[in-house]
Each structure stands twice: as C-alpha cells, then as structure tokens.
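Worksheet: the structure to be examined is printed underneath.
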Amino acid sequence: MNPNLSIVQPLLVQAGLTFFLLFWMGKERYQAVRDGTVVRNEPGVRPTWLGRAGTISNAFHNQLEMPMLFFVVAILAILTGSADYPMTALAWAYVI
C-alpha cells in the first residue's frame with residue numbers, strides 16, 4: 001500500500017472522533033437546556049455547562065487545539081513525500 005494513502009487513515013479516524021464529539025456535545029447540550037441544568041450568564045457571555053455536557057464540551061474543544069497541529073504535520077508529510085511507515089506509525093500512536 002502507498003504510504004501516503006496509509007497515513008490518511010489515522011487522519012480520518014481523528015476527524016471522525018471530532019465529529020462524533022460534536023454531535024454528542026450537541027445532544028448533551030440539548031438535554032441540559034431541556035433539564036434546565038445550564039447556567040446562563042449575562043448576555044454576551046458564554047453559558048456554563050454543568051456535568052456531562054461540560055465534560056463533553058471540553059473534550060470537543062480540545063479536539064480543536066492539538067489535533068489541528070497533527071493534521072498540519074500529517075498533510076505536510078504527504079506533500080513533502082515523507083509520509084513513510086514510521087510517520088504512519090507515529091500518526092496511529094497519536095490517534096490512539
């Protein structure tokens with residue numbers, strides 16, 4: 001298999017995890033609003049999500065920080081032709 005194609009697999013898994021957390025966060029936030037457990041602050045200030053909704057929200061926001069650097073490094077590895085087997089193994093190690 002072409003190493004450039006095999007490094008795409010961990011990228012897709014990481015992106016899938018991000019989208020999974022996005023939809024899960026939406027479900028939990030909807031439930032928190034229905035249950036009235038969200039703390040609404042002044043207008044213009046983000047609400048405080050308590051319990052599970054807050055935990056999943058934090059996990060999702062973490063996916064928008066460090067994994068972005070992972071995506072950049074992996075895409076640069078593909079573009080420069082250095083997406084070999086060790087790089088693919090490192091990508092899988094990061095995702096896991």
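Throughout, numbering of the chain's residues begins at 1 and tracks the sequence.
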query: Is any side-chain heavy atom of Asn62 less than 4.5 Å from a side-chain heavy atom of Leu21?
result: no
task: Rounded to the nearest 0.5 Å, what's the gap from CE on Met25 to CZ on Arg29? Could you check?
output: 4.5 Å
message: Checking the side chain of Thr55 only, and the main-chain atoms of Gly51 only, is there a donor and an acceptor separated by less than 3.5 Å?
response: yes
- request: Sequence neighbours left out, what passes ring-ring contact (aromatic ring centres under 6.0 Å, His included) with Tyr30? Give chain and number order.
  value: none
- request: Please collect all ring-ring contact (aromatic ring centres under 6.0 Å, His included) contacts where either partner lies in residues 55-75, sequence neighbours excluded, each pair once.
  value: Phe70-Tyr94
statement: Shortest non-hydrogen pair, Ile7 vs Ala91, comes out as CG1-CB, 4.1 Å
- prompt: Does Val39 have any side-chain contact (heavy atoms from CB on, under 4.5 Å) partners at least two apart in sequence or in another chain, and if so, which?
  reply: Asn41, Thr48, Leu50
message: Is any side-chain heavy atom of Val13 closer than 4.5 Å to one of Trp92?
response: yes
message: Contact between Arg52 and Trp24 at the side-chain level, heavy atoms closer than 4.5 Å - yes or no?
response: yes
- line: Contacts of Ile75 meeting side-chain contact (heavy atoms from CB on, under 4.5 Å) (sequence neighbours excluded), chain-then-number -> Leu79
query: Can you get from Met66 to Val95 by hopping between Ile, Leu, Val, Met, Phe, Trp and Tyr side chains that sit under 4.5 Å apart?
result: yes
- prompt: Going only through I, L, V, M, F, W and Y residues with side-chain contacts under 4.5 Å, is there a path from Leu12 to Met87?
  reply: yes
- request: Indicate yes or no: at least one non-hydrogen side-chain atom of Leu64 is less than 4.5 angstrom from one of Met68.
  value: yes
Polar side-chain atom of Thr18 near backbone of Gln14 as donor-acceptor pair, under 3.5 Å: yes
- prompt: Taking all non-hydrogen atoms of both residues, which atom of Ser6 and which atom of Thr88 are closest, and how far apart?
  reply: OG-OG1, 3.4 Å
task: Decide yes or no on side-chain contact (heavy atoms from CB on, under 4.5 Å) for Ile78 and Val8, but give the supporting numbers first.
output: CA-CA 9 Å; Ile78 292 170; Val8 173; 4.1 Å; yes
field: Under the ring-ring contact (aromatic ring centres under 6.0 Å, His included) test, residues paired with Phe19 that sit two or more places apart
entry: none
- request: Verify the cluster assignment for Val33 and Leu22: are they in a single hydrophobic cluster under the rule of side-chain heavy atoms below 4.5 Å apart?
  value: no
Leu69 with Leu11, same ILVMFWY side-chain cluster at under 4.5 Å: yes
query: For Leu90, which residues count as a side-chain contact (heavy atoms from CB on, under 4.5 Å) partner, sequence neighbours excluded?
result: none
- line: Value for CZ (Phe20) from CD1 (Ile56), rounded to nearest 0.5 Å, stands at 8.0 Å
